[in-house]
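These notes concern the structure reproduced below.
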Amino acid sequence: MLTLPNLLTLSRILAVPLLAGLLWQPDWALGYGIAFALYCLMGITDYFDGYLARAQGAVSKLGVFLDPIADKIMVASVILVLVAVQVLSGLSVVAGLVILLREIAVSGLREFLAQLQVSVPVSRLAKWKTTLQLIALGGLILGGALPGWPWMHGAALAALWAAAVLTLVTGWDYLRVGLKHMDS
């Protein structure tokens, strides 16, 4: 259970409170710089835990269970803190909500389908959605570290809205598959 890939996944989960704490002061550019570095490190460990698990033949049930949870905890925490400190505000909160609601709905749907022994593979479009969402959130964090670059915040918001649109599309795709397996 305590393989290197699983430890990397657990480290991402354990790093979330530190990340949230660093984001809590939006006027602290250095804190946002450190948060951006931590966020990038968490992204790198996300890549390597899966890569190492496959390369070493160490894919485990714990890893398969924890990896998507770690991703969702990180994304949800960043969105919630950025809304709380008003880095993400106004109508852009809707983009964050769309992402959060889809993650909750798809997780519930996957749990339901798992009971029916139906697997729903992650689509290529869903991977693009995740990539765009992670870039958008990273851009919002980096924008706080570089207050002299106001365009960074605007570009990150545009990416967040694009991720929200892809979120709706991929969420609908998953729902369509799930509806085929539900009783009428």
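Note: hydrogens, waters and symmetry copies are ignored here, and every other heavy atom, side chains too, is used.
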Decide yes or no on side chain to side chain contact (heavy atoms under 4.5 Å, CB included) for Trp172 and Leu175, but give the supporting numbers first. CA-CA 5 Å; Trp172 173 250; Leu175 182 60; 3.9 Å; yes
Taking it one step at a time, do Asp46 and Asp67 satisfy side chain to side chain contact (heavy atoms under 4.5 Å, CB included)? CA-CA 8 Å; Asp46 184 24; Asp67 187 63; 3.1 Å; yes
Before giving the answer on side chain to side chain contact (heavy atoms under 4.5 Å, CB included), spell out for Asp173 and Val177 the whole-Å C-alpha distance, their side-chain angles and the decisive distance to 0.1 Å. CA-CA 6 Å; Asp173 288 343; Val177 169; 6.0 Å; no
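By the 30° and 60° cut-offs, the orientation of the rings of Phe48 relative to Tyr51 is perpendicular.
One finds the CG atom of Leu22 at 5.5 Å from the CH2 atom of Trp28 (value rounded to the nearest 0.5 Å). Put simply, CD on Glu103 and OG1 on Thr167 are 6.5 Å apart, with the number rounded to the nearest 0.5 Å. Atom NE2 of His153 and atom CG of Leu88 lie 7.0 Å apart (nearest 0.5 Å). Between the CD1 atom of Ile73 and the CG atom of Leu14 there is a distance of 9.5 Å, given to the nearest 0.5 Å. To the nearest 0.5 angstrom, Ile44 atom CD1 is 12.0 Å from Met42 atom CE. Taking CG of Leu132 as the start and CG of Leu137 as the end, the distance is 9.5 Å to the nearest 0.5 Å.
The minimum heavy-atom distance linking Tyr32 with Ala145 is given by the pair CB-N, 3.5 Å. What you find for Val59 and Val64 is that their closest heavy atoms are CG1-CG2, 3.8 Å. Across all non-hydrogen atoms, the minimal contact from Ser60 to Asn6 is OG-ND2, 3.0 Å. The two residues Ala53 and Pro5 make their nearest non-hydrogen contact at N-CG, 3.5 Å. Summarising the geometry of Ala156 relative to Gly139, their closest heavy-atom pair is CB-C, 3.5 Å, with the distance given to 0.1 Å. Across Lys129 and Ala163, no two heavy atoms sit closer than the pair CG-O, 3.7 Å.
Between Leu160 and Gln133 the shortest side-chain heavy-atom distance does not fall below 4.5 Å. By the 4.5 Å heavy-atom criterion applied to side chains, Arg12 and Asp49 are counted as neighbours.
Residues Leu97 and Leu91 are members of separate hydrophobic clusters, defined by side-chain heavy-atom contacts under 4.5 angstrom among Ile, Leu, Val, Met, Phe, Trp and Tyr. With hydrophobic clusters built from ILVMFWY side chains whose heavy atoms lie under 4.5 angstrom apart, Val98 does not share a cluster with Val93. In the hydrophobic clustering of this structure, Val165 does not group with Leu101; members are Ile, Leu, Val, Met, Phe, Trp, Tyr whose side-chain heavy atoms approach within less than 4.5 Å, directly or through other members. Taking hydrophobic clusters as Ile, Leu, Val, Met, Phe, Trp and Tyr residues chained together by side-chain heavy-atom distances below 4.5 Å, Leu82 shares a cluster with Leu146. Cluster membership check: Val75 shares its hydrophobic cluster with Phe65, using side-chain heavy-atom separations under 4.5 Å among Ile, Leu, Val, Met, Phe, Trp and Tyr.
Tested against Leu19 for a side chain to side chain contact (heavy atoms under 4.5 Å, CB included), the candidates Val81, Leu41, Leu38 yield a single pass: Leu38. Under the side chain to side chain contact (heavy atoms under 4.5 Å, CB included) rule, Leu23 has a single partner from Ile34, Val85, Leu18, Val78, which is Val78.
Listed for the Tyr174 side chain is no donor-acceptor partner under 3.5 Å among the backbone atoms of Ser107. Not one N or O on the side chain of Arg110 forms a donor-acceptor pair closer than 3.5 Å with the backbone of Val106. Between the side chain of Thr170 and the backbone N or O of Leu166 there is at least one donor-acceptor pair closer than 3.5 Å.
For the 3.5 Å distance criterion, the side chains of Thr130 and Asp71 fail to qualify, holding no donor opposite an acceptor.
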